[in-house]
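Here's the structure we're looking at; comments come further down.
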Amino acid sequence: MEDVMTMEQVLIAFAAALALGLSALATAWAQSKIGAAGAGTLAEKPELTGTIIILVAIPETMVILGFVIASMILLME
Amino acid sequence: MIVPMSKVTIMGPKEMLMDTLECIHRLGVMQINEDIHSEIQEHDIPSHPVLPGRKSLALHRYYLNLQKKIDQLLSCFPEKAKKRSNLHVQATLTSITGIISSHLHFCKTKTAEKDHIVSKIDLLQRYDEFLDDAGSFLEGEQVHEDLDYFGFKLQDQDDFEQLRQQVEDVTSGYVVLEHLADEDDKILVLVVVEKKLSQKVQKFLDTAGIAVIESPLGYNKLPFSEQQPLIRKQYIRAKEDLALLEQDLHIFSQKWLPIYQDVKGWLKKQFAVIKASAAVYETEMCFFIYGWLPSDDLPQLIQTLEQSFVEKVLVEEHEIVEKDLGNVPTALHNPSYFQPFELFTRLLPIPSYGSVDLTPFIGIFFPVFFGMMLGDIGYGLILLVLALFLVRLKNIGSNIRDAGKILLISSVYTIFFGGLYGEFFGTAGHAWFGLQPLLFDRHKSLVPMLGFALAAGVVHVTLGLVLGTIVDIRKQRKKEAIFKALSIVFVLIVCSLILSIFSAPFSEIRRPLLITVAIIVPVLIFTGGVLAPLELLKSIGNIISYARIMAVGLTSVLLAYVANYMAGMSGSVWAGIVVVLVLHSFNLLLGVFAPTIHSLRLHYVEFLSKFSEPGGHEFKPLGSNR
C-alpha cells in the first residue's frame with residue numbers, strides 16, 4: 001500500500017516550515033546586529049556583559065513563538 | 001541575600017584621625033561615605049574637610065617617590081616572589097629608602113646587560129644557522145672588501161624569481177644572486193653587490209620587508225669558512241655570560257623581592273588611608289567620619305575602637321531614612337549552597353539596597369530548568385563525573401570552581417529529569433534495558449511537554465510578581481504593589497480560562513472568571529496607568545517564552561535519537577561506535593551550553609524584570625581587596 005500525502009498535508013507542512021523558518025531568519029538577523037554592537041561595547045566596557053547577554057537573548061522570543069505556532073499547526077492537523 | 005547595613009558616624013580627637021583610619025583599614029569592614037556634605041549641613045556642625053598639612057604632603061610625596069622606585073625595580077623581574085618577608089615595614093622604611101637607589105641601579109644595569117647578551121645570542125644563532133644552511137655555496141668563498149653580502153630567507157621559488165627581477169632592476173644587472181632550498185623548503189638567498197650599490201639594495205630590501213641576516217661585527221672580513229667556528233665559540237661564551245647574569249639576578253630576587261613587594265603592599269595601604277582622609281570632616285578639636293558597614297560587623301568595630309583608643313574615639317549608629325536608600329551600598333552574602341550562583345548574579349548590575357538578591361532564586365530554579373531541558377540519565381552521569389573532577393582540581397580560579405559546583409548540582413537534576421522522561425542517551429536506555437518514562441516520553445508527547453514547560457513558566461513568573469509586590473510594599477509604593485498583586489490574579493485567571501477549554505470541571509467557572517476579569521481591568525488601569533493592559537500582555541508573553549524549555553529539550557532528544565539511529569544504520573560495529581561518540585559528544589556540548597544560556601535568559605529577562613531594582617552601589621570597604 002502506498003502512503004501518499006495529500007495536497008492539504010503538504011500545505012500544512014509548508015505552513016509549519018514557514019512559521020519556523022521565517023521567525024528563525026528574523027531572530028538571526030536581529031541577533032547579528034545586536035551581537036556585533038554588543039561585541040564592540042564589551043571591548044570598551046566589560047562590566048556590561050550581563051546587559052549585553054540579555055539584549056542578545058531578547059529576540060529569541062520570536063523563534064520560540066514561531067516554533068510553538070509550527071507545533072500547533074502540525075499537532076492540530 | 002542583601003546584607004543589612006548600618007549607617008555610622010565615628011568621631012574623635014583630631015590627632016587620632018590617621019590612627020583611626022588605619023584601624024578601620026585593618027578591620028576592612030567599613031566603607032567611608034565620600035559624599036557627606038549634606039550630612040554636615042543637616043547636623044549644622046561648623047566643620048570643614050580635612051586639609052592636608054605641609055607634613056602630610058611631604059610624607060605623601062616621599063611615599064610616591066619610593067613607590068615609583070619600587071615599581072621600576074620590580075619591573076626588572078617578570079615573576080613575583082612566592083613567599084613573604086617577615087619584615088616590619090614601618091620600622092625599616094628609612095633603611096629601605098637608603099638602599100633602594102643602589103639596588104635599582106644594580107637591577108637596571110644587569111637587566112640591560114642581559115637584554116644585550118640575549119639579542120647578541122639571537123644574532124649569533126641566526127647567522128650560524130645561515131652559515132649551516134648556505135654551506136654548499138659559501139664553501140671556499142672569500143670575502144672581498146669591495147663587495148657587500150646580503151643573506152636572507154624567502155618562502156618559495158616564486159618569491160625568489162620575483163625578487164631576482166626586482167634586484168636586477170635596482171642594480172641594473174650588477175648583482176650576483178645565489179640561492180638554494182633548505183631543510184624546511186625555504187629558499188636561502190645570498191645577494192652579492194658592489195659597495196657603491198649596497199645602499200640601494202639595502203633600501204629595497206627594507207621596503208620589501210625582508211629581514212637580512214646580519215654578520216656579527218668583526219667577522220665580516222673573514223672568509224665564510226673561518227667565520228663559523230668563531231661564531232660558535234662566541235655563542236657558547238655569550239651563553240655562559242647570560243647564565244652568570246641570570247644567577248646574579250636570581251640571588252638578588254630571592255633575597256630582596258619579598259621585601260620590596262611587602263613594602264609596596266604597605267605603601268598601597270598608606271595611600272588608601274590618605275585618600276580616605278579626604279572624605280573626613282573636622283572641627284577645631286574633632287574629626288567626623290561617616291560611613292556604612294554590615295550591621296553584624298558593628299559590634300566588632302565598636303569593640304576594636306574602644307580597645308585601641310580607650311573611649312576617646314566613639315561610634316554612633318543612625319537610622320537609615322528614606323533619602324539614604326539611594327546611597328546605601330549593597331553587599332551580597334549567600335549560604336554556601338547558593339554562593340557559586342553569584343557567578344551569574346555578578347553579570348548583572350548590582351541590585352539597589354532594599355530590593356531582592358537574585359542569587360537564591362537562580363540557585364533554586366536554574367538547575368531545575370537545566371534538568372528539564374537536558375533531562376537524560378546518561379548525559380547527567382557524564383556531567384556529574386566532569387563536575388566532580390573540576391571541583392577537586394587544585395590551583396584553579398574561583399570562577400571555574402564555582403562553574404564546577406553549578407554543573408554538579410545541575411547534573412543531579414539532569415539525572416532526575418532523565419528518570420522522569422525515561423531517557424538514557426536518548427532512546428538507548430529503552431532499547432538496552434527497557435527503561436520506561438515515569439512522567440512522559442518527550443519526543444512523542446509534545447503537548448504534555450509544552451504544558452509542563454508553560455506550567456513552570458506560570459510558577460516562575462508568578463513568583464517574580466509576588467517578589468515585585470513585596471518590594472513595592474517595602475518601599476511603600478502602594479499603587480505599584482496593588483497593580484502587581486492584581487497582575488498575579490489576572491495571570492492565574494488566564495491560566496484557569498485556558499484550562500477550562502481543555503478540562504470539563506474548569507468549564508463551569510468560566511463565567512465567574514470572565515466577570516472577575518471585567519472587574520479587575522479598570523482597577524489595573526487605575527493603578528498601573530493606561531498602558532496596564534499592555535503590561536499584562538507582556539506577562540503572558542513572558543510565560544509563553546518558557547516554551548523554549550520544551551523546544552530546547554526536544555532538540556536534545558531528537559539529536560540523541562538521530563545519533564542512535566545512524567549508529568544502527570552504519571552496518572559496522574566500529575563505525576557505529578565512532579558515529580555514536582561523535583554525535584552524542586556534540587549533543588552533550590550543545591546540551592550544556594543551550595540550557596545554560598536559555599535558563600539564564602529566562603531568569604534575567606522574564607523573571608528579574610518583575611522585581612529587579614538595579615542602580616545599587618557595590619560595597620567597597622576600606623582595606624578590603626573585594
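Each chain gets a letter, A, B and so on, in the order the sequences are listed, and its residues count up from 1.
Evaluation of the side-chain contact (heavy atoms from CB on, under 4.5 Å) rule for B:Val3 yields B:Pro294, B:Ala331, B:His333 as partners, not counting sequence neighbours. With sequence neighbours excluded, the residues satisfying side-chain contact (heavy atoms from CB on, under 4.5 Å) with B:Lys538 are B:Glu535, B:Asn542.
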B:Phe369/B:His603 under ring-ring contact (aromatic ring centres under 6.0 Å, His included): CA gap, chis, key distance, verdict: CA-CA 10 Å; B:Phe369 293 155; B:His603 281 88; 5.7 Å; yes
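Using a 4.5 Å cut-off between heavy atoms, B:Leu554 touches chain A through its side chain atoms alone. Neither the backbone nor the side chain of A:Ile52 comes within contact range of chain B; no heavy atom of the residue lies under 4.5 Å from a heavy atom of that chain.
Residues B:Tyr413 and B:Phe370 keep their aromatic ring centres 6.0 Å or farther apart.
Between chain B and the options A:Ile64, A:Leu65, A:Val56, the largest number of non-hydrogen pairs under 4.5 Å is found for A:Ile64.
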